[in-house]
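Each remark here refers to the structure printed beneath this line.
Chain identifiers are assigned alphabetically (A, B, ...) following the order of the sequence lines, protein sequences preceding nucleic acid strands; residue numbering begins at 1 within each chain.
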Amino acid sequence: MLAKRIIPCLDVRDGRVVKGTNFEGLRDMADPVDMARFYNTSGADELVFYDITASAEGRNLFTEILRQVAAEIFIPLTVGGGIRTLEDFDRVLKCGADKVSVNSGAIADPSIIGAAARKYGDQCVVLSMDVKRVDGQFRLFARGGRDDTGIDAMEWAVRGVHAGAGEIVLNSIDTDGVRQGFDLPMLDALAARVGVPIIASGGAGAMEDFAQLFTHPGIDAGLAASIFHTRQVDIRDLKQYLRDRGVEMRL
Amino acid sequence: MIAIVDYGVGNLFSLSSSLKALGLSAEVTSSVDRLRAAERIILPGVGAFGDAKAKLDATGLVPILREEAARKPLLGICLGMQLLFERSFEYGEHAGLGLVDGQVSDLRSDLADKDLKVPHMGWNSLKINRDDPLFRYVSDGEYVYYVHSFYAKNCAESTLGVSQYGNVAVTGVVRSGNVYGTQFHPEKSGDAGLRLLRAFAEL
């Protein structure tokens, strides 16, 4: 059977990984290429690179980093951040990305999902969404969780999958950074609506949170950043722990 | 030299990087001379069968691939493996290269549990049915990375390994003479995938 996936996410700004990077034992702790190399050999099932750079200069630096990472990393690589057009898809795919994640770019122009799926295949298009409860509704937010779009997030996901998104990353703004576990009610609501793989994001604080997550059969993967970057949780230990609890894991 | 067939389909960057990481000489090419000169050939591929087959036909390389496959090891990866079969039923019916007996069919229609997700995407363990030099460095049960919605069937004769997905034993590795195919992506299957590619280079 398919194994559940554990995915570290690297937020890169101006060529450096930001957010919780207290790597011990690595020479340059915030170097994205070093970190990718480390994860490639320490049991990560996939890597997500998120470009949070604003400047064009930073963007060029990011593509150069991507190229270096892709040349050495032999697990699937997803790239997101600032993806708005087919040219953006093309740019990161040529640098060696396997999948491309769209978020605010798809909200600004939903047709990008279908256009990219037709050109590169559904498996290449990851719809990433930042969601928060507002007035009892799961509301879709844009621009890194700053803007309430007024759109029902579950409707948005259904539309995205219909258009050709092959996978969804659901980041709960409500649980993000709180480290008290993933947003299981929100994830369940999504799993009930779509039939594509779901990657849970936001809220992982300990190994138990992943064990809890994977008791929900509709969830395929758990994504986290700081708990892995700080080495608070070691991925291999986490996967052994999960396998001991009956979760299918690649070890 | 390992020639990676370039026919305008898919991203060949990771495949050539993984061969280079193994210290192997690899060349992405659509040149007849280079395919003839190569010691081994890899046929990659992503996307839909009909479209990919049309592009491959348009290169005029099909007769060359057929001839060279009789002389040296050839490895089809993912859609590249599916192209080796007699036919595919992905959006209509399309003829393949016919180098391996069997057909390519819709995975979803054979899955009893309709809640199982298609594409079959992620890491699945490879059960080795028949020993082969290709598995020199790979053990039974290792995980490999799949992304596909169609799969090869009616090919028991050539099947070397499978991965179980619900009730379906997904054809993972096939061999017919010099012709090999993997439905999964060895270039994305971490260390296990690299070891399989190394064994291919040593065949």
Quiz item: Are side-chain heavy atoms of B/Y143 and A/E248 found at a separation under 4.5 Å?
Solution: yes

Exercise. Using non-hydrogen atoms and a 4.5 Å limit, figure out which bit of B/Y165 sits close to chain A: side chain, backbone, both or neither.
Key: both

Exercise. Specify the closest pair of heavy atoms between B/A21 and A/F74, including all atoms of both residues, with the distance to one decimal.
Key: CB-CZ, 3.6 Å

Quiz item: Got a second to check how far A/L2's CG is from B/S125's OG, nearest 0.5 Å?
Solution: 9.5 Å

Quiz item: Side chain, backbone, both or neither: which part of A/D122 has an atom under 4.5 Å from a heavy atom of chain B?
Solution: neither

Practice problem: Look up atom NZ in B/K188 and atom CG in A/L77, then write down how far apart they are to the nearest 0.5 Å. | Solution: 6.0 Å

Exercise. State the CD1-NZ distance between A/I198 and B/K117, to the nearest 0.5 angstrom.
Key: 4.5 Å

Quiz item: Does atom CD of B/E157 have more than 12 heavy-atom neighbours from other groups under 6.0 Å away?
Solution: no

Practice problem: Specify which of A/G121, A/P217, A/G195, A/G166 makes the most heavy-atom pairs with chain B at under 4.5 Å. | Solution: A/G195

Practice problem: Check the surroundings of atom CZ in B/F89: do more than 12 heavy atoms from other residues, nucleotides or ligands lie under 6.0 Å from it? | Solution: yes

Self-check item: Smallest separation among heavy atoms of A/D45 and B/W123, with atom names
Solution: O-NE1, 2.9 Å

Quiz prompt | A/A97 portion near chain B, given a 4.5 angstrom heavy-atom threshold | solution = backbone

Practice problem: Report the option among B/A192, B/G190, B/S163 that has the most heavy-atom pairs separated by less than 4.5 Å from atoms of chain A. | Solution: B/G190

Quiz item: With only heavy atoms counted, which part of A/C95 is less than 4.5 Å from chain B, the side chain, the backbone, both or neither?
Solution: backbone

Quiz item: Do other residues, nucleotides or ligands put more than 12 heavy atoms under 6.0 Å from A/H216 NE2?
Solution: yes

Practice problem: Quick one: closest heavy-atom pair of B/S14 and A/D98, and the distance? | Solution: OG-OD1, 4.1 Å

Practice problem: Would you mind checking which part of A/R5 comes under 4.5 Å of any heavy atom in chain B, side chain (CB onward), backbone (N, CA, C, O), both or neither? | Solution: side chain

Exercise. Check each atom of A/K119 against the heavy atoms of chain B and say whether the ones under 4.5 Å are side chain, backbone, both or neither.
Key: neither

Practice problem: Mind checking the CE-NE2 spacing from A/M1 to B/H120? Nearest 0.5 Å is all I need. | Solution: 7.5 Å

Quiz prompt | Region of B/L116 that comes under 4.5 Å of a non-hydrogen atom in chain A | solution = side chain

Quiz item: How many angstroms lie between CD in A/E167 and CE in B/M121, if you round to the nearest 0.5 Å?
Solution: 3.5 Å

Quiz item: If you look at every heavy atom in B/F13 and A/G96, which pair is closest and at what distance?
Solution: CD2-CA, 3.7 Å

Practice problem: Please state whether the side chain, the backbone, both or neither of A/N40 comes within less than 4.5 Å of a heavy atom of chain B. | Solution: neither

Quiz item: When heavy-atom pairs shorter than 4.5 Å are enumerated against chain B, which of A/G218, A/A3, A/P76 gives the highest number?
Solution: A/P76

